[in-house]
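Below is one structure; the comments refer to it alone.
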Amino acid sequence: MRYLFSILASALVVASSAIGIESKACTRVLYTGNDNLRIVGRSLDWKTPIPTNLYVYPRGITKASHDLPGAFTWTSKYGAVYAVGYDGGVTEGMNEKGLVINGLFCKGSVYESQPDSIVKKPPLSLAVFVAWLLDMNETTDEVVKVLRERNFYISGATFDGGTVSALHWGVTDASGKCAVFEFVDGNINIYEGDDMPVLTNDPTFPAMNAINDYWVNVGGQNMLPGTVKSPDRFVRGYFFDNNVEKTGDTDEGFAIIRSIMANVSVPYHYTVNGEPNVSSTQWRSYANIRDLRYYFDMAPAMGVYYVDLNKCDLRKGASVMKFDTGSHMCTVGDITSKMVKTQPFKPMY
């Protein structure tokens with residue numbers, strides 16, 4: 001693995017400073033097997049259920065970045081499957097080229113810190129940010145180029161009683177090239193590498209890797225941190241991801257990443273007194289980049305199901321398709337044929 005950044009802080013100092021951190025819990029783990037098999041597992045953890053439905057969008061749909069003056073439009077180059085929270089905002093997704101983008105909470109995120117510069121750039125809502133990147137890019141390098149150009153300013157509606165959408169993102173493409181990008185005091189910090197395996201929440205990515213380096217030296221076979229806090233989940237995810245068997249088999253690979261995600265998830269309806277932002281896992285997703293399968297696993301549902309992008313009509317002019325997850329609590333397996341035609345979701349700008 002090669003990271004294009006240096007970690008300056010001592011692992012022990014960072015680890016001790018992380019004690020007591022409250023973070024909105026989510027976890028992303030990339031399983032890299034044989035024969036180009038890559039599966040991105042992700043958990044979404046929150047204090048209350050976040051209704052999330054699956055949408056498949058074809059190519060050739062024109063969308064708007066915001067409803068504010070100065071917003072821009074784009075016409076999608078690639079079809080994609082999105083996980084859409086509250087039928088109003090794209091949390092994550094995978095496009096037909098195998099590009100996967102996951103948005104995870106990072107409470108210290110500050111998207112814009114220079115108010116005077118905002119008026120000089122077109123607005124882009126967090127509700128469609130991930131969709132824009134998936135619609136218009138094939139590779140991680142293309143996403144990084146767009147981010148470095150920074151021809152937009154980010155904004156987003158609050159939700160769930162006024163919660164601010166403070167996020168950072170993991171990007172993975174079919175080659176295994178990854179990036180993590182975080183907004184810190186209005187600047188985009190981008191970290192790039194090959195098959196970067198884990199992302200959780202706070203602290204920032206360099207500090208999290210410093211904590212993990214300490215635990216790598218301890219040795220996971222001897223001891224692993226066991227709480228549901230973000231650094232502990234990062235360490236466990238990293239250890240198991242690097243010590244499970246490598247396979248090229250689709251189903252076996254899915255079983256492996258599913259078991260890793262179970263280990264870093266938070267039990268349903270579990271809360272920590274005094275830490276309201278450490279919350280139970282509401283759902284997990286698994287994006288199989290090689291085989292273009294997007295799996296979805298809701299905590300209260302009876303089974304896991306998936307959308308097969310190879311079977312979806314992604315041609316320009318095709319219908320937008322939707323799968324209402326709340327109405328299919330006993331569904332298992334391939335749901336591609338069970339998706340229904342729908343109107344595009346209405347973004348919560």
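Hydrophobic clustering (side-chain heavy atoms under 4.5 Å, transitive across Ile, Leu, Val, Met, Phe, Trp, Tyr) keeps Tyr78 apart from Val100. Both Met348 and Leu44 are members of a single hydrophobic cluster when ILVMFWY side chains are connected at heavy-atom separations under 4.5 Å. Tracing side-chain contacts under 4.5 Å through hydrophobic residues (I, L, V, M, F, W, Y), one never reaches Tyr268 starting from Ile50; they form parts of separate clusters. Under the 4.5 Å side-chain contact rule for hydrophobic residues, Leu147 and Val110 do not share a cluster. Residue Val332 is not grouped with residue Tyr306 when hydrophobic side chains (ILVMFWY) are merged at heavy-atom distances under 4.5 angstrom, including chains of intermediate members.
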Taking distance alone, no hydrogens or angles, what donor-acceptor pairs closer than 3.5 Å link side-chain atoms of residues 253-264 to residues at least two apart or in another chain?
| from | atom 1 | to | atom 2 | distance (Å) |
| --- | --- | --- | --- | --- |
| Ser259 | OG | Ala255 | O | 3.4 |
| Ser259 | OG | Ile256 | O | 2.7 |
| Asn263 | OD1 | Arg236 | NE | 3.2 |

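Taken from CG in Asp195 to OG1 in Thr32, the straight-line distance is 3.5 Å, to the nearest 0.5 Å.
The neighbour count for Lys316 NZ, taken as heavy atoms of other residues, nucleotides or ligands under 6.0 Å away, does not exceed 12. Residue Glu149 places its CD atom among more than 12 non-hydrogen atoms of other residues, nucleotides or ligands, all under 6.0 Å distant.
Aromatic ring orientation, Trp169 versus Phe181: parallel (interplanar angle below 30°, classes split at 30° and 60°). Aromatic ring pairs are classed by plane angle as parallel below 30°, tilted from 30° to 60° and perpendicular above 60°; the pair Tyr349 and His66 is parallel. Ring geometry for Phe205 against Tyr191 counts as tilted: the plane angle lies between 30° and 60°, on a 0 to 90° scale.
Taking the six-membered ring wherever Trp is involved, the centroid distance between the rings of Tyr82 and Tyr57 falls below 6.0 Å. Side-chain rings of Phe72 and Trp132 approach one another, their centers coming within less than 6.0 Å. Checked against the 6.0 Å centroid threshold, Phe234 and Trp215 do not count as a close aromatic pair. Aromatic ring centroids of Phe323 and Tyr55 lie 6.0 Å or more apart.
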task = Before giving the answer on side chain to side chain donor-acceptor pair (under 3.5 Å), spell out for Asn187 and Asp185 the whole-Å C-alpha distance, their side-chain angles and the decisive distance to 0.1 Å.
result = CA-CA 6 Å; Asn187 300 310; Asp185 295 329; over 6 Å; no
request  = Step by step, work out the side chain to side chain contact (heavy atoms under 4.5 Å, CB included) result for Asp297 and Ser285.
outcome  = CA-CA 6 Å; Asp297 179 10; Ser285 68; over 6 Å; no
request  = Take Arg148 and Glu192 through the salt bridge (Lys or Arg N to Asp or Glu O under 4.0 Å) test and state the conclusion after the steps.
outcome  = CA-CA 13 Å; Arg148 292 199 189 281; Glu192 302 174 63; 3.0 Å; yes
request  = Output, in order, the C-alpha distance, side-chain angles, deciding distance and verdict of salt bridge (Lys or Arg N to Asp or Glu O under 4.0 Å) for Glu142 and Lys97.
outcome  = CA-CA 12 Å; Glu142 291 177 4; Lys97 297 298 183 179; over 6 Å; no
query = Run the side chain to side chain donor-acceptor pair (under 3.5 Å) check on Trp74 and Asp135 step by step: do they pass?
reply = CA-CA 9 Å; Trp74 72 92; Asp135 288 356; 2.9 Å; yes
message = Set out, in order, the CA-CA distance, both residues' side-chain angles and the distance that settles side chain to side chain donor-acceptor pair (under 3.5 Å) for Thr204 and Glu182, then state yes or no.
response = CA-CA 8 Å; Thr204 58; Glu182 302 176 326; 4.6 Å; no
Worked check of side chain to side chain donor-acceptor pair (under 3.5 Å) between Ser265 and Ser43 = CA-CA 7 Å; Ser265 294; Ser43 68; 4.7 Å; no
Full working for side chain to side chain contact (heavy atoms under 4.5 Å, CB included) between Leu224 and Val235 = CA-CA 7 Å; Leu224 283 172; Val235 169; 4.0 Å; yes
query = For Val180 and Met196, what are the C-alpha separation, side-chain angles and deciding distance, and is it a side chain to side chain contact (heavy atoms under 4.5 Å, CB included)?
reply = CA-CA 9 Å; Val180 169; Met196 294 163 66; 4.0 Å; yes
query = Can you list the steps and then say if Arg293 with Asp291 is a salt bridge (Lys or Arg N to Asp or Glu O under 4.0 Å)?
reply = CA-CA 6 Å; Arg293 290 183 177 183; Asp291 302 314; 5.9 Å; no
key: Criterion salt bridge (Lys or Arg N to Asp or Glu O under 4.0 Å) on Lys177 and Asp141, from CA distance to verdict   = CA-CA 8 Å; Lys177 180 66 179 294; Asp141 286 341; 2.6 Å; yes
ask   = When you look at Val90 and Val128, which way does the side chain to side chain contact (heavy atoms under 4.5 Å, CB included) test go after all the steps?
value = CA-CA 6 Å; Val90 179; Val128 295; 5.8 Å; no
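Counting only N and O atoms by type, the side chains of Asp249 and Thr247 include no donor and acceptor under 3.5 Å apart. Between the side chains of Thr75 and Thr62, at least one donor-acceptor pair of N or O atoms lies under 3.5 Å.
Counting only distance, with no hydrogens or angles, the side chain of Gln282 and the backbone of Trp46 share a donor-acceptor pair below 3.5 Å. Using modelled atom types, one side-chain atom of Asn242 and one backbone atom of Tyr238 make a donor-acceptor pair closer than 3.5 Å. With hydrogens and angles disregarded, a donor-acceptor distance shorter than 3.5 Å links the side chain of Arg38 to the backbone of Ser175. Checking side-chain atoms of Asp202 against main-chain N and O of Lys107 turns up a donor-acceptor pair under 3.5 Å. In this structure a side-chain-to-backbone donor-acceptor pair under 3.5 Å is present from Asn243 to Phe239. No donor-acceptor distance shorter than 3.5 angstrom exists from the side chain of Asn310 to the backbone of Leu292, with no hydrogens or angles considered. In terms of modelled atom types and a separation under 3.5 Å, the side chain of Asp241 and the main chain of Gly237 share no donor-acceptor contact. Between the side chain of Ser327 and the main chain of Thr325, no donor-acceptor pair closer than 3.5 Å is present. For Asn102 (side chain) and Glu92 (main-chain N/O), no donor-acceptor pair under 3.5 Å exists by modelled atom type.
A salt bridge does not link Glu138 to Lys77: none of the charged nitrogens lies less than 4.0 Å from a carboxylate oxygen. Using a 4.0 Å cut-off between charged side-chain N and carboxylate O, Glu112 and Arg150 make a salt bridge.
Applying the side-chain hydrogen bond (donor to acceptor under 3.5 Å, both in side chains) test between Arg233 and each of Thr227, Asn201, Asp45 identifies Asn201 as the sole match. None of Lys322, Lys311, Met339 except one satisfies the side chain to side chain contact (heavy atoms under 4.5 Å, CB included) rule with Val56; the exception is Met339.
Pairing each heavy atom of Pro122 with each of Asn151, the nearest pair is CG-O, 3.4 Å. Contact between Asn53 and Gly326 at its shortest, heavy atoms only, is OD1-N, 4.2 Å. For the pair Ile190 and Ala179, the tightest heavy-atom approach, listed with the atom from each and the gap, is CG2-CB, 4.5 Å. When every heavy atom of Ser109 is checked against every heavy atom of His168, the shortest pair comes out as OG-N, 4.4 Å. Across every non-hydrogen atom of Asn34 and Arg290, the tightest pair is O-NH1, 3.9 Å. Of all heavy-atom pairs spanning Gly248 and Asp35, the tightest one is CA-OD2, 4.0 Å.
For the pair Tyr295 and Asn288, the minimum side-chain heavy-atom distance is below 4.5 Å.
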